[in-house]
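Written out below as structure tokens is the structure these notes cover.
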Amino acid sequence: MKEGQIRKRARGIDRAFDILDHLRSVKVSQRPAEIAQALGAPTSTIYDLISVLLEHGMLEVTNANGSVFLGRRVYFLGLAYREYFDLTREAGVVLDEITATTKETSQFCMLDGNKYTVALQREGSRPFRISANVGERTPIPWTASGRLLLGHFSDDEIRDLIPADDFVLPDGSHTDFDAYIAEIRQAAKDGFFSFDSIVDTFTHCFAAPIHDQNGVCVATVCIVAPKDDARKNYAQYRDALKSAGDKLSHNV
């Protein structure tokens with residue numbers, strides 16, 4: 001295959017993943033023309049790629065209008081990943097233990113490209129709900145885990161990874177880059193980070209790292225608690241998370 005053909009195929013593969021990521025993000029089926037508009041791509045290209053993805057079961061037609069959504073093959077690939085990647089299975093057990101002990105919402109979190117996502121969650125036993133949408137992609141600087149998951153990156157790599165708009169917080173204020181870097185470096189030393197939630201003004205977020213064999217933080221375990229309870233039980237929640245992170249690190 002000639003170099004030009006290789007580049008063209010690579011661009012096609014990238015665009016195919018853009019389609020899958022887009023549908024995951026919007027969480028509803030869409031017509032090819034709607035997907036093309038959302039991606040800013042030629043409609044003919046999107047139709048061709050959707051045809052290929054349908055053929056391979058990565059997408060499925062959902063109605064007579066030709067709308068498509070993620071196919072069952074995506075689900076089976078996810079099952080295979082979970083079967084192979086023991087950490088997610090072990091994390092579920094550990095989250096059950098954390099929530100049973102603290103009564104608070106616990107989470108298992110990871111990077112998804114240049115965003116943060118909650119991969120697993122166990123809701124606490126409270127009369128009001130504290131939770132996040134599992135699988136939703138969130139700007140990394142908005143999160144406690146975002147101070148731990150980037151600990152092995154250089155300053156320049158962090159600047160290149162995170163879109164500039166993601167440093168704009170929900171209230172319109174900006175995260176200072178140098179201050180953010182300082183928090184990342186301190187969190188790496190402490191093996192822990194917590195702060196009052198940027199997204200929810202009523203909660204406090206705790207996070208502890210899960211390291212691979214090379215010492216890289218590949219995921220985090222977290223607790224999200226009301227501010228008053230977080231202050232009252234701070235040491236207990238911190239110690240529970242750090243212990244859980246150490247336990248899961250042995251399984252990576």
Side-chain angles (χ1 to χ4, degrees), residues 1 5-96 99 105-123 129-140 143 145 149 163 210 212 218-222 224 248 251-252:
M1 187 180 297
Q5 293 174 307
I6 294 174
R7 286 200 300 269
K8 183 177 180 181
R9 175 169 290 187
R11 287 195 298 271
I13 293 172
D14 287 342
R15 186 64 78 184
F17 279 113
D18 288 342
I19 293 170
L20 297 175
D21 283 339
H22 171 71
L23 290 172
R24 172 198 166 186
S25 176
V26 298
K27 295 183 175 63
V28 294
S29 62
Q30 289 189 334
R31 291 179 290 109
E34 293 175 304
I35 296 172
Q37 183 177 11
L39 297 179
T43 303
S44 59
T45 299
I46 297 301
Y47 268 100
D48 289 343
L49 289 172
I50 286 176
S51 178
V52 174
L53 292 170
L54 287 170
E55 183 180 345
H56 288 278
M58 300 297 288
L59 295 178
E60 293 179 3
V61 177
T62 60
N63 57 38
N65 293 327
S67 295
V68 297
F69 194 65
L70 302 177
R72 65 191 67 188
R73 190 169 184 180
V74 175
Y75 173 73
F76 291 130
L77 289 172
L79 289 180
Y81 174 80
R82 187 168 184 178
E83 183 71 22
Y84 176 79
F85 194 46
D86 289 341
L87 184 57
T88 52
R89 296 202 306 273
E90 295 295 330
V93 175
V94 169
L95 294 187
D96 288 336
T99 294
T105 295
S106 60
Q107 299 171 337
F108 172 73
C109 307
M110 307 174 76
L111 290 182
D112 178 13
N114 63 358
K115 303 291 182 182
Y116 152 98
T117 189
V118 177
L120 295 172
Q121 179 173 263
R122 299 292 185 267
E123 291 191 28
R129 186 171 180 260
I130 296 178
S131 64
N133 293 325
V134 174
E136 183 174 307
R137 303 177 83 229
T138 302
I140 299 170
T143 69
S145 294
L149 291 164
I210 301 168
D212 66 12
V218 294
T220 60
V221 281
C222 308
V224 184
L248 287 171
N251 295 316
V252 178

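Note that the coordinates shown come from a computational prediction; the quantities given were computed from them, not determined experimentally.
- Closest heavy-atom contact between L120 and A91: CD1-CB, 4.0 Å.
- Taking all atoms of both residues into account, the shortest heavy-atom contact from A219 to M110 is CB-CG, 3.9 Å.
- R24 meets the side-chain hydrogen bond (donor to acceptor under 3.5 Å, both in side chains) test with D112; sequence neighbours excluded.
- In this structure, CG on D21 lies 6.0 Å from CZ on R137, to the nearest 0.5 angstrom.
- Here T99 pairs with S106 under the side-chain hydrogen bond (donor to acceptor under 3.5 Å, both in side chains) rule; sequence neighbours left out.
- Partners of F76 under the side chain to side chain contact (heavy atoms under 4.5 Å, CB included) rule, at least two apart in sequence or in another chain, are R72, L79.
- In this structure, the side chain of N63 engages the main chain of N65 through a donor-acceptor pair within 3.5 Å.
- Atom-to-atom distance recorded for L20:CG and S25:OG is 12.5 Å, nearest 0.5 angstrom.
- Side-chain contact check for L248 versus V221: some heavy-atom pair is nearer than 4.5 Å.
- Checking side-chain atoms of S145 against main-chain N and O of C109 turns up no donor-acceptor pair under 3.5 Å.
- In plain terms, the two heavy atoms of V74 and M58 that are nearest each other are CG2-O, 3.5 Å.
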- Taking it one step at a time, do L149 and T220 satisfy side-chain contact (heavy atoms from CB on, under 4.5 Å)? CA-CA 7 Å; L149 291 164; T220 60; 3.9 Å; yes

Distance-only criterion, 3.5 Å: show the donor-acceptor pairs between side-chain atoms of residues 28-57 and protein atoms not counting sequence neighbours.
unit_1: S29; atom_1: OG; unit_2: T62; atom_2: OG1; d: 3.1
unit_1: Q30; atom_1: OE1; unit_2: H22; atom_2: NE2; d: 2.7
unit_1: E34; atom_1: OE1; unit_2: R31; atom_2: N; d: 2.8

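- Distance check: Q121 CD to C222 SG gives 10.0 Å after rounding to the nearest 0.5 Å.
- Counting only heavy atoms from C-beta outward, the side chains of L59 and F69 never approach each other to under 4.5 Å.
- A distance of 10.0 Å separates OG1 of T143 from CD of Q107, quoted to the nearest 0.5 Å.
- Residue I140 holds its CD1 atom at 5.0 Å from CG of L111, rounded to the nearest 0.5 Å.
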* Decide yes or no on side-chain contact (heavy atoms from CB on, under 4.5 Å) for R122 and T105, but give the supporting numbers first. => CA-CA 6 Å; R122 299 292 185 267; T105 295; over 6 Å; no

